[in-house]
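Computed from heavy atoms alone, side chains included, the values below leave out hydrogens, waters and symmetry copies. Order of the sequence lines sets the chain letters (A, B, ...), proteins ahead of strands, with each chain counted from 1.
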Amino acid sequence: MNRLFTAEIVRNDPMDNGYFALQVTPDVEISEPDIGQFFMIKTGESIDPLLLRPFSFVDFIPPNDKYPNGSLMFLIGAVGKGTNILKHLAVGMRLSVIGPLGQGFPPVASDEILFIVAGGIGIASVLGLTNVNPNTPFFYGVRTKELIPDMVWFNYTGINTFTTSDDGSIGFAGSVLELLEKQVSEFKRGCGGKIKIYACGPNGMYRAMAGMNLDADVYVSLETPMACGIGTCLGCAVDTVNGLKMVCKDGPVFNLKDIIWDG
Amino acid sequence: MNRLFTAEIVRNDPMDNGYFALQVTPDVEISEPDIGQFFMIKTGESIDPLLLRPFSFVDFIPPNDKYPNGSLMFLIGAVGKGTNILKHLAVGMRLSVIGPLGQGFPPVASDEILFIVAGGIGIASVLGLTNVNPNTPFFYGVRTKELIPDMVWFNYTGINTFTTSDDGSIGFAGSVLELLEKQVSEFKRGCGGKIKIYACGPNGMYRAMAGMNLDADVYVSLETPMACGIGTCLGCAVDTVNGLKMVCKDGPVFNLKDIIWDG
Amino acid sequence: MNLSVNIGGLELKNPVVTASGTFGYGVEYAEFLDLNLIGAITVKGLSLRPAKGNPPGRVWETPCGMLNAIGLQNIGIDAFIKDKLPELRKYDTKIIANFFGDTIEEYVEAAAALSAADGVHALEMNISCPNKQAGWIAFGTDPALTEKVVTAARRATKLPLIVKLSPNVTSIADMARAAVNGGADALSVINTITGMAIDIETRRPRLSNIVGGLSGPAIRPIAVRMVFQAAKAVTVPIIGMGGIMTGGDAIEFILAGASAVAIGTANFVNPAASVEVLDSIKDYIVRNRIDDINTLVGGIIC
Amino acid sequence: MNLSVNIGGLELKNPVVTASGTFGYGVEYAEFLDLNLIGAITVKGLSLRPAKGNPPGRVWETPCGMLNAIGLQNIGIDAFIKDKLPELRKYDTKIIANFFGDTIEEYVEAAAALSAADGVHALEMNISCPNKQAGWIAFGTDPALTEKVVTAARRATKLPLIVKLSPNVTSIADMARAAVNGGADALSVINTITGMAIDIETRRPRLSNIVGGLSGPAIRPIAVRMVFQAAKAVTVPIIGMGGIMTGGDAIEFILAGASAVAIGTANFVNPAASVEVLDSIKDYIVRNRIDDINTLVGGIIC
Ligand SMILES: Cc1cc2nc3c(=O)[nH]c(=O)nc-3n(C[C@H](O)[C@H](O)[C@H](O)COP(=O)(O)OP(=O)(O)OC[C@H]3O[C@@H](n4cnc5c(N)ncnc54)[C@H](O)[C@@H]3O)c2cc1C
Ligand SMILES: Cc1cc2nc3c(=O)[nH]c(=O)nc-3n(C[C@H](O)[C@H](O)[C@H](O)COP(=O)(O)OP(=O)(O)OC[C@H]3O[C@@H](n4cnc5c(N)ncnc54)[C@H](O)[C@@H]3O)c2cc1C
Ligand SMILES: Cc1cc2nc3c(=O)[nH]c(=O)nc-3n(C[C@H](O)[C@H](O)[C@H](O)COP(=O)(O)O)c2cc1C
Ligand SMILES: Cc1cc2nc3c(=O)[nH]c(=O)nc-3n(C[C@H](O)[C@H](O)[C@H](O)COP(=O)(O)O)c2cc1C
Ligand code: FES
Ligand code: FES
């Protein structure tokens, strides 16, 4: 199946906190994406911004009566040129999209327990995991309460969430990793067993996790600037113990212990 | 008064034929513009297109209760990058504008009779003249009937219009200049008197007029690519018998006999 | 209607080729377009041994353009011949092998190795990548050295030899003449222009290599000018490139003097860009009643 | 918080100046901004005699940029001194007179005439306009000639002498060194990059001069790179320019090594751009707790 397609905007709702929820329906059949995979989206007609922008999808709704090719949901932070244009595009407009791209989160074995960690907008890449793993503890760190997107939009209301905020305005006051560490060691002391941690957040969070002694298989979703999204420009390189890897093709999900953090 | 201002879009109506009618209200008081003057308008937030675009205004509605700083009406053809973006901007958005700019059409003396000539989208620059000169014969040439904009928008419904079309689909079949020439000589044979002709259309029309023996003072509104619109970049030069002139500052309205057509 | 062009002995069914480094090894794009439709595929720049390229921090978007400092990462000529060429041979299109070396000897050896391979139809010699350092840069900016390295490579191959020029020079005409004097059958004009960008929050360069190559629509006016100047200076055919996004852009290069055009950065924006450009070139020549695209080459009226 | 910078003897209250040819003779902009606020006004390039410039077909927009081939139309030094300077003297800002000549003698004469005028605070020598033909171009591209013409102009003035470099060269570092060897107190980097555009319907160049100078955001990555390279090559202060639209863009140039920045094409997009850039620079240095803007110059961390 050709991964280049056009999709119509069927919903594009700004939230108060700078995030927006975008739903598109492809004009043709697309492959069902895995959680952690992503799509490159052209944020308008202009040649500035020139390049497509990478976005993880939150949810793929399979083909149905209303949307014969299904529909894709995105949660996006308006942080720069492209996202601010995308945010204002009207329902009914068509976008050029490539995807699904890259390697998503690996499956969780039956003898493994999954912990999910999201930092800030990183929630967009891992929220979908709660679909397949409904009771999984979901650690979600934000700077402050207002930065939490309106989850209702995604029909994710029954998640087992441990929220933390830097300023204590919601949930546990402090770092999401602090809480994670506590829960993981509690779990180890309690029932025990193999733990997998799937995380998406800023690089600083990953570095901190790499320095922690988590006794778990940690997979993280990396972000780098991208040009092609399909492994040909060689622009999105990341240094790993197995040599340079392309985030768009070999990732964006990597085993944390493989990543080499320098500088 | 500072000629740099922002203005809010209060109406932006596409027409079937690619034209659109744009009405904006300035956020501050602006000078009342003369017919034939123009405004430079930024067609969106993007740096591509980079430069502002020049547009004649069709009408200026003086300050009133609804619009304390009055409002400006434009008739615009969606021909390229900038105009196609402008066409899709939503009511409520603000545009950066410079104007009024340049020299409009000179006043008509009491012993002079005015004839107005518009070719295609050129109508935007001269339509306003019918306001001050209500019974003036208005010669309007189009390629085909469908290219006539919806005049109702501008409340210009009672104009003494002589329409011509290249394909005969409306009015006189043939060139607008043919009809003009006929009417001018008829007028000369009849009541007689001094004639002024104010025209706006493509350069080809002006060249043809320059070659005709019209026995009238002909003023035309020129178009050239522009960068600054205020006479400083020296980009919009036109060759005249008085040396190079700047269309944005010395024009856009020039006496036809002063223009040197080469090439 | 004839669309075929001859690029220094390389017969192309139409003038649209892909630019090196922006189309992988070609095969990756089979999913997005019918590779049989385009004139030629130029593959990622190849070296004798696999090359690792620069550390991360390799691409950055700029106004209407992008900077890259990939640093010529590639799988090496042997792996290309073994793993990619057999796949490419299945398509009815021409394969242009872009290559580089660190020394004259490496250029010669690379040219010879690629010429011996089944399925390589022409060589494109990259003497102009802004991501390589020091001495290397001189191959692409010093006419005497250019002539020397081209002369050497010329002796190592019987295939059409296309030399890709650097735009980072005072006179592209001098460079074009030097390459032709060295035996180039055709020229590619232009490679990327050296640029840089700085993150004002961290105060660090956006690219690990500090500087990188600017490509995309931003550079098109510069590229068109250089094609025009190079075409005036030499008689060999030119492949024009630099910011081509549409068929109209391609026609601009052809009028300026290019016999073929390469689609580069546009492939990232739209992986099917090359066929869309081709279709739109066809529309233009039909609309303008042109029988043979070659009559349009250098057709600018000054 | 210190914003003042010293450009080779020219004391500016802040580092924001306007770029020659994009701000008329300054006075035209009094309506749009308080001219007292900006560091300096650089006026349109002046010559001994009034110059007519190129025929119409002088500007054309390109992706994120524009081409111009004004051809240095100006009212001449005498008219500038008589008609514009008295008006400019009313403002508390510095006036930089940009000038050019066709021969070394004309450069010398122009420098002398402007130096004698009351209200000119510095000279900016344009050796780099891509709209002039033939021999003239060599002043801006041949280091030996650059040094020669700068040396001659240097003797003709006691004012700070800023030399404006052409980006159309292989090595901006060599050009910077040549200008400094000739006696330049400071450098302006960069002038426009030569480009062209063709109307594919008429097949004619968009500019009567065929080629013109590319400016605007499109060229910013190239300009930043050249400022970086020039700043490494010489110790005199640099006025950085090329596509600056925002305060962030200006900071990028300062980090690359510019002591001041010039706002060019942005003035067309927004006649008040220079003060807006200045305000945003102030925000940045407040936010980053910088006491003296001079500590930011060349502050890139590589
Ligand atoms: C695999 C992947 C999945 C992503 N999923 C999501 C998602 O689901 N939701 C979401 O809101 N964002 C996601 N992002 C980040 C998103 O791509 C960037 O926020 C976006 O590209 C910024 O575009 P812009 O034009 O608005 O910003 P720009 O104007 O280009 O830049 C604004 C800021 O964003 C940073 N930036 C630019 N490009 C990238 C990039 N590719 N990655 C990271 N930072 C960048 C710049 O450093 C700059 O500070 C993802 C990124 C990757 C690589
Ligand atoms: C004084 C003046 C008054 C004008 N008044 C009106 C008006 O009231 N209504 C209206 O619809 N148009 C008017 N125009 C023309 C209008 O400015 C152009 O159509 C517009 O700039 C095109 O912008 P674009 O980005 O859509 O096109 P682009 O993508 O820039 O170009 C599309 C086409 O338009 C042509 N073009 C580009 N810029 C100009 C220009 N400045 N003048 C003429 N042609 C140009 C190009 O040659 C090209 O073929 C006026 C022009 C001038 C100079
Ligand atoms: C990411 C990237 C990688 C490139 N790699 C190469 C290369 O390996 N060899 C080469 O000769 N040119 C390389 N180029 C230059 C292009 O082939 C082309 O000359 C240049 O990008 C200008 O064209 P464009 O603006 O259409 O991209 C590369 C360009 C980009 C953007
Ligand atoms: C319309 C125009 C006219 C210019 N005229 C001159 C000039 O007379 N002398 C000069 O030294 N530079 C001239 N320049 C170059 C600018 O001063 C500046 O160096 C260049 O435009 C890059 O900056 P920018 O991208 O911010 O415009 C001109 C530029 C433009 C766009
Ligand atoms: S973005 Fe091009 S290789 Fe990953
Ligand atoms: S548009 Fe700048 S002088 Fe007329």
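In this structure, chain D has no heavy atom under 4.5 Å from any part of C:Phe253. The contact between C:Thr202 and chain D is made entirely by backbone atoms, counting heavy-atom distances below 4.5 Å. Heavy-atom distances place both the backbone and the side chain of D:Ala256 under 4.5 Å from chain C. Heavy atoms closer than 4.5 Å to chain C are found in both the backbone and the side chain of D:Ile200. Looking at C:Ile251, the atoms closer than 4.5 Å to chain D (heavy atoms on both sides) sit in the backbone and in the side chain alike. Only the side chain of D:Arg287 comes within contact range of chain C, judged by heavy atoms closer than 4.5 Å. When heavy atoms are compared at a cutoff of 4.5 Å, D:Leu296 approaches chain C solely by way of its side chain, counted from C-beta outward. Residue contact with chain C, scored on non-hydrogen atoms closer than 4.5 Å, involves the side chain of D:Ile210 exclusively.
Salt-bridge check for D:Arg204 with D:Asp199: failed, with every basic side-chain N at 4.0 Å or more from each acidic carboxylate O.
D:Asn191 and D:Asn126 share a side-chain donor-acceptor pair at under 3.5 Å. A donor and an acceptor atom, one from each side chain of D:Thr295 and D:Asp292, are nowhere located under 3.5 Å apart.
The line from CD1 of D:Ile198 to CD of C:Glu252 is 5.5 Å long, rounded to the nearest 0.5 Å. A distance of 4.0 Å separates OG in C:Ser188 from CD1 in C:Ile239, rounded to the nearest 0.5 Å. Separation of atoms CG (C:Leu207) and CG (C:Asn68) is listed at 8.0 Å; rounding is to 0.5 Å.
Put simply, the side chain of D:Asn54 reaches to within 4.5 Å of the side chain of D:Asn209, judged on heavy atoms.
When each of D:Asn168, D:Asp142, D:Thr170 is tested with C:Thr170 by the rule side-chain hydrogen bond (donor to acceptor under 3.5 Å, both in side chains), just one qualifies, namely D:Thr170.
For the set D:Gln229, D:Met226, D:Glu201, the count of heavy-atom pairs under 4.5 angstrom toward chain C peaks at D:Glu201. Counting heavy-atom pairs closer than 4.5 Å to chain D, the top residue among C:Leu67, C:Ile222, C:Ile254, C:Asn288 is C:Ile222. Ranked by heavy-atom pairs under 4.5 Å with chain D, the list C:Pro221, C:Ser208, C:Pro205 is led by C:Pro221.
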